[in-house]
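The next block holds one structure in the form of structure tokens; read it before the comments.
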Amino acid sequence: MEDQMMDGPSTSGRTENDTLFDAPPMAEQERMVEAVLFASAEPVTLRDLEGRMPPGCNPREALEHLRKRYEGRGVRVVRLGEAWAIRTAPDLGFLMQKETTELRKLSRAAIETLAIVAYHQPVTRAEIEEIRGVSVSRGTIDQLLEMNWIRLGRRRMTPGRPVTFVVTPEFLDHFGLESARDLPGLKELRAAGLLENRPPPGSLPLGQGDSDDDEPADEQAELFEE
Amino acid sequence: MEDQMMDGPSTSGRTENDTLFDAPPMAEQERMVEAVLFASAEPVTLRDLEGRMPPGCNPREALEHLRKRYEGRGVRVVRLGEAWAIRTAPDLGFLMQKETTELRKLSRAAIETLAIVAYHQPVTRAEIEEIRGVSVSRGTIDQLLEMNWIRLGRRRMTPGRPVTFVVTPEFLDHFGLESARDLPGLKELRAAGLLENRPPPGSLPLGQGDSDDDEPADEQAELFEE
Amino acid sequence: MAEQTLFSEKDPSVEERLAAEALIVDVDGFEGPLDLLLTLSRTQKVDLRRISVLELAKQYLTFVNRAKELRIELAADYLVMAAWLAFLKSRLLLPPDPEEEGPSGEELAAHLAFQLERLQAMRDAAAKLMARDRLGRDFFARGEEENVARIKTVTYTANLLDLMQAYARIRTKEDFRPFVMDRDSVFTMEEALDRMRHLLGFTGDWTDLISYLPDGWHSDPVKRRSATAATFAASLQLVKEGKAELRQSETFAPIQLRSLDEDE
């Protein structure tokens with residue numbers, strides 16, 4: 001680690017024992033102040049810096065060096081009353097707008113609808129309602145469309161030619177999936193404890209359960225494919 | 001706002017309309033990248049940077065400049081897969097007692113499973129079990145998923161299409177790795193053949209007449225078809 | 001050969017015996033037979049690549065025998081491994097039988113040694129990984145995220161676990177639902193009862209039961225069967241309720257139904 005230092009001969013003075021008698025070189029003190037200001041959750045006072053740094057350090061001087069170093073950079077060292085902090089340069093505030101989005105959990109209706117689309121795509125609204133056992137409000141579908149997690153798929157070639165829904169690349173990206181086929185099947189959900197460990201009545205004849213077509217989710221999906 | 005810029009004549013080109021035709025100078029792009037990375041605790045992806053910076057910018061190049069600039073300083077610019085972040089230099093951890101978070105205690109099974117996923121990825125559950133010689137409890141995988149250190153990868157194109165697990169950018173961030181290729185000792189392990197899935201010689205000597213529990217045997221078989 | 005094997009099993013060295021006893025006390029601490037084998041292999045104090053699998057098999061079998069003597073219940077997989085190692089040992093000790101099929105003892109031993117080496121390698125790798133400089137302990141992220149709150153947009157989000165749990169919830173709910181079949185060709189008794197209650201008032205005299213079948217349920221045999229059964233069951237219900245009576249002149253003759261209400 002010591003080799004990270006680049007300021008000449010005094011570098012060697014930075015070991016645990018020596019610091020008692022010999023403060024670290026100023027360049028090293030500047031590094032320390034930089035790291036503390038960066039990692040601290042709130043502005044740091046001089047006293048706090050003194051308490052954290054090895055004895056003999058001069059945080060005030062180190063701060064001055066650091067402030068100069070950051071002049072004209074994307075962030076600045078600023079003084080706020082008795083404390084110091086690193087802040088974005090004011091002219092770059094326009095870059096921070098994205099940071100201010102508020103995250104909220106999707107509603108239960110929406111996440112269930114999304115799950116059904118993901119597992120059964122392409123799927124019509126009527127099929128979603130059939131699987132959920134309750135009707136799906138227009139708002140729920142609209143929300144998922146607007147979030148770009150589902151989109152309209154091909155129309156079903158059945159009477160009424162209902163539209164179908166499929167998931168989008170944005171959906172896969174968000175959930176860290178390579179494809180919707182990577183979603184764990186019912187068997188795996190059960191193994192992961194996400195399902196009651198009980199086979200659905202009549203679906204798994206005893207003794208034949210573990211052949212390779214034992215993926216109810218997949219089968220179900222195929223049911224809905226054209 | 002614009003008047004804070006100090007990088008010579010091209011600065012004046014940085015108005016809303018001009019950016020469409022003229023990207024900001026590289027020094028300015030470096031400032032932008034610096035500001036965005038400083039403002040975020042999470043790694044920022046290249047794509048996110050591109051989305052936030054004016055059109056025509058080259059964040060990748062700006063990041064390289066920035067990384068050089070911070071070499072040897074109290075904070076460093078680190079790459080984590082396709083994302084970038086600023087982190088304090090590890091030799092200064094002693095200053096950060098206040099910020100230190102209690103690391104979550106992981107069971108031995110979880111630690112080993114994590115290492116196996118990291119070194120063997122993409123890896124199926126059956127392969128993890130083959131390497132550890134015991135079954136992997138569902139809690140172990142769940143815990144690693146929940147900590148966001150592993151995620152689902154592509155399914156294996158073998159019978160049963162088992163899901164695979166891979167490590168995440170959060171994993172890289174936590175362990176200070178630029179990519180999974182930088183895992184300690186990876187090359188040596190590969191050279192020693194210890195990352196191979198070597199099939200057992202001949203047919204499986206165990207569980208011959210016992211076809212009832214053929215589920216693990218099936219998965220085992222898949223494992224060796226690779 | 002065989003005698004020599006037996007001998008060494010019954011009379012293990014003192015060191016082996018002590019080791020085995022220490023291990024037995026701790027048997028819960030092991031994560032299965034492979035873990036135990038790895039621990040046993042350490043007593044050989046050699047590179048795992050040069051390990052004597054024969055020696056290891058003997059140590060393992062000694063362990064299992066000691067456990068039996070001490071009446072310690074070992075999990076099945078320990079016993080399966082013991083059986084396999086006994087098999088391996090015999091293959092390693094006996095001269096190769098040209099008739100015998102399958103891999104040689106050496107091949108099997110080499111694979112076991114590979115598995116042990118691989119497990120050890122993963123443990124070492126795990127230890128190295130955990131000993132790295134780590135976020136939140138050795139190096140740190142930005143403590144104070146910049147908040148230039150100008151545009152406040154609400155983003156709805158969910159993670160993969162939410163998604164899978166939601167799906168599991170729906171599918172679990174389905175487990176409790178009565179099994180729903182394709183109902184296109186099923187006419188239920190409730191439907192038949194409704195229909196007959198309605199029709200009974202209009203038909204004064206004896207009427208063939210078949211004429212109560214709904215339109216469109218006559219031709220398709222599957223549908224006809226279902227409708228007939230439902231209508232018959234419904235008519236029995238009506239008789240039971242005292243609202244109708246049934247008659248049939250002989251076996252397999254048409255069944256006829258008449259409303260009782262009219263008589264009153």
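Quick note on labels: first sequence line is chain A, next is B, and so on, each numbered from 1.
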Non-hydrogen side-chain atoms of C:Arg142 and B:Ile86 separated by less than 4.5 Å: no

Measure distances from B:Leu103 to the heavy atoms of chain C and classify the residue's part below 4.5 Å as side chain, backbone, both or neither. side chain

Could you tell me which portion of C:Leu112 (side chain, backbone, both or neither) has an atom closer than 4.5 angstrom to a non-hydrogen atom of chain B? neither

Tell me, side chain or backbone of B:Ala109 under 4.5 Å from chain C's heavy atoms, or both, or neither? both

For B:Asn148, does its backbone N or O pair with a side-chain atom of B:Thr168 as donor and acceptor, under 3.5 Å? yes

Check whether B:Leu186 gets within reach of chain C through its side chain, its backbone, both or neither, counting any heavy atom under 4.5 Å. neither

Salt-bridged, B:Arg76 to B:Glu71, with N to O below 4.0 Å? no

Interchain contact, B:Leu37 with chain C, by part (heavy-atom threshold 4.5 Å): neither

In terms of heavy-atom proximity below 4.5 Å to chain C, should B:Phe175 be classed as side chain, backbone, both, or neither? both

With a 4.5 Å cut-off on heavy-atom pairs, point out which of C:Ala125, C:Ser104, C:Gly32, C:Ala121 contacts chain B the most. C:Ala125

Donor-acceptor contact present, side-chain C:Thr62 to main-chain C:Lys58, <3.5 Å: yes

Between C:Gly143, C:Ala141, C:Ala127, who has the most heavy-atom pairs with chain B when the cutoff is under 4.5 Å? C:Ala141

Closest-packed option against chain B by number of heavy-atom pairs under 4.5 Å, given C:Gln115, C:Met130, C:Arg118: C:Arg118

Can you see whether B:Gln121 engages B:Thr164 through a side-chain donor-acceptor pair at a distance of less than 3.5 angstrom? no

Among B:His120, B:Glu146, B:Gln97, B:Glu42, which has the most heavy-atom pairs under 4.5 Å with chain C? B:His120

Please identify, among C:Arg123, C:Lys128, C:Arg137, the residue contributing the most non-hydrogen atom pairs under 4.5 Å to chain B. C:Arg123

Salt bridge or not between C:Glu55 and C:Lys89? Use side-chain N to carboxylate O under 4.0 Å. no

With chain C, which of B:Leu177, B:Thr113, B:Leu183 has the greatest number of heavy-atom pairs at distances under 4.5 Å? B:Leu177

Under 30°, 30 to 60°, or over 60°: which ring-plane class applies to B:His174 and B:Trp149, parallel, tilted or perpendicular? tilted

So, applying side chain to side chain contact (heavy atoms under 4.5 Å, CB included) with C:Pro33, which one of C:Val80, C:Leu74, C:Asp77 is it? C:Asp77

Counting heavy-atom pairs under 4.5 Å to chain C, which of B:Val134, B:Thr88, B:Thr101 comes out on top? B:Thr88

At a heavy-atom separation under 4.5 Å, does C:Arg132 approach chain B through its side chain, its backbone, both, or neither? side chain

Considering residues, nucleotides and ligands other than B:Arg79, do more than 12 of their heavy atoms fall under 6.0 Å from its CZ? yes

